[in-house]
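Below, read A as the first sequence line, B as the second, and so on, with proteins coming before strands; counting in each chain starts at 1. Bear in mind that the values here come from a model prediction, so they are computed numbers and not experimental data. Both backbone and side-chain heavy atoms feed into the values below; hydrogens, waters and symmetry mates do not.
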Amino acid sequence: MSDRLGDFGSFEELAMPHFARLFNFACWLAQDRSAAEDLVQETFMKALKGFSSFQQGTNFRAWIYRILRNTFLTSQAGLRASVSLDTEEDCPLEPSTTETPESLFLSRVAQETLQSALEELPVNFREVILLSDLEEMSYREIGLALDIPIGTVMSRLSRARKAMRALLTSRIERA
Amino acid sequence: MTCDLWRDKLDAYADDSCSGEELANIEDHLRACTACAAEALARIQVKRAIRAAASARFSPSPEFRLRLEKSIHKSRKPLWLSLWTQSLAASVLALLLIAASVVSWTRHAAREAAMAELLDQYLATMASANPVDVISTDRHTVKPWFQGKLPFTFMLPELNNSPYKLLGGKVVFFKHSPGAQLLYELRNHRLSVFIVQDQSGEFPLQSGIAAFSPKGFSVETWSRSGLRFAVIGDSNPADVHALGDLLRTSN
């Protein structure tokens, strides 16, 4: 009994340091501040309720991100985003030059444009890029958070980056 | 290996997810190939740029943080109570189960003891040279013999047209109270009928007709009008049951 009560004390110690980053990630997923607040609130309540099933010593960050992501997928915002792996097959290939689109782009555009490109990505590409580049999770950790094998993490990340490149290329061309 | 194949590995390189040998091979290639080195640099730059663009773009308001912390604290209390209640309920259930087990075991032990006592009396009668005190095949002789000896009365069945023969009876003491033991004969078997006061605490047998086979003997017992009847014999259970039916018809 006392161990269980101690667990509830340690929930806040483990979860609250992730609060701000989870909120940021939730905003990137839901693309709406109010929906992100609901998402984070629900994530924390679910995590607290299921904390007894969390195995101490395993990856808490991946566990709580997984709850947030699953909560998002079943939320109205998540359903609107219509997550589909089909988009993974529809990425135009990037042009192969030594002057890469990224290097051109980075020299010419502002951070806001990069953010808008990220927002334009399908949500399953956006989340894997954010977990890797923003949260700096390892492939294994991303696999735990998204509940997919490491091989799928790598292939999805590769497709997501190709899609990102395609978006950047089209913006360069428009500019 | 062509540059296209090397470039497939550049994401893992930019993500710092290459194994030692793989990393060394990629770095060897990057030193030799300007195009792939530029590609690798670009991927690392994009990764950093995304991090800078996405990091802390959205910050939670202090009000939301406060609201969330309150929700956690509010949720904790019911969880405490819930856990406490669950533990209490589990403890109560465990105690009830233990109590029920003790009661069940006690009743079982009491029943076993009662059956053993009756069986001992039956065996003693079978071994005795004078198994009964009133010797008669006439129920109108045997039953009146018990008058004044027992604090209750009972009826004996008419045995005409039945294979059973009354041999007699005697007073026995069961649980310190007087009762009747009747002796019947069926072919070469002898069966005893015990009629005692039914004291539920001392003879906790289930209601209805209960049949047992302790040590190979056949036993059938039932309760009626405050009296406990038990038929014990060394013949088969059907014979014991048929005599029981005759007694149940009379009482």
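With a threshold of 4.5 angstrom between heavy atoms, B/Ser55 approaches chain A through its backbone and through its side chain. Looking at A/Arg140, there are no atoms closer than 4.5 Å to chain B (heavy atoms on both sides), in backbone or side chain. Using a 4.5 Å cut-off between heavy atoms, A/Glu119 touches chain B through its side chain atoms alone. Looking at A/Glu135, there are no atoms closer than 4.5 Å to chain B (heavy atoms on both sides), in backbone or side chain. Residue B/Arg48 does not touch chain A at all, counting heavy-atom pairs closer than 4.5 Å. With a 4.5 angstrom heavy-atom cutoff, B/Ala12 touches chain A via backbone and side-chain atoms both. Looking at B/Ala52, both its backbone and its side chain come within 4.5 Å of chain A, counting heavy atoms on both sides.
Looking only at distances, no side-chain donor or acceptor of B/Lys47 sits under 3.5 Å from a matching main-chain atom of A/Leu134. The main-chain N or O of B/Ala54 is found under 3.5 Å from a side-chain atom of A/Asn24 such that the two form a donor-acceptor pair. Distance alone, capped at 3.5 Å, places no donor-acceptor pair between the B/Arg67 side chain and the A/Gln41 backbone.
Contact between B/Ile50 and A/Leu114 at its shortest, heavy atoms only, is N-CD2, 3.9 Å. In terms of heavy atoms, A/Leu48 sits closest to B/Ile72 at CD2-O, 3.8 Å. Minimum interatomic distance between B/Pro60 and A/Ala20 (heavy atoms only, all atoms of both residues): CG-CA, 3.9 Å. Taking both residues in full, the closest heavy atoms of B/Ala53 and A/Gln115 are given as O-NE2, 2.6 Å, listed atom of the first, atom of the second, then distance. Nearest approach of A/Ser132 to B/Asp15, heavy atoms of both residues: OG-OD1, 3.4 Å. Annotation for B/Phe64 and A/Phe23: closest pair CE2-CD1, 3.8 Å, computed over non-hydrogen atoms.
Side-chain contact check for A/Phe44 versus B/Ser71: every heavy-atom pair is 4.5 Å or farther apart. Put simply, the side chain of A/Trp28 reaches to within 4.5 Å of the side chain of B/Arg57, judged on heavy atoms.
Using a 4.0 Å cut-off between charged nitrogen and carboxylate oxygen, A/Arg159 and B/Asp11 do not count as a salt-bridge pair.
Among the candidates A/Met164, A/Glu136, A/Met154, the residue making the largest number of heavy-atom pairs closer than 4.5 Å to chain B is A/Glu136.
Within a 6.0 Å sphere centred on CG of B/Asp16, other residues, nucleotides and ligands contribute 12 heavy atoms or fewer.
Here the CG-OG distance, from B/Leu10 to A/Ser158, works out to 10.5 Å after rounding to the nearest 0.5 Å. To the nearest 0.5 angstrom, B/Glu69 atom CD is 7.0 Å from A/Glu12 atom CD.
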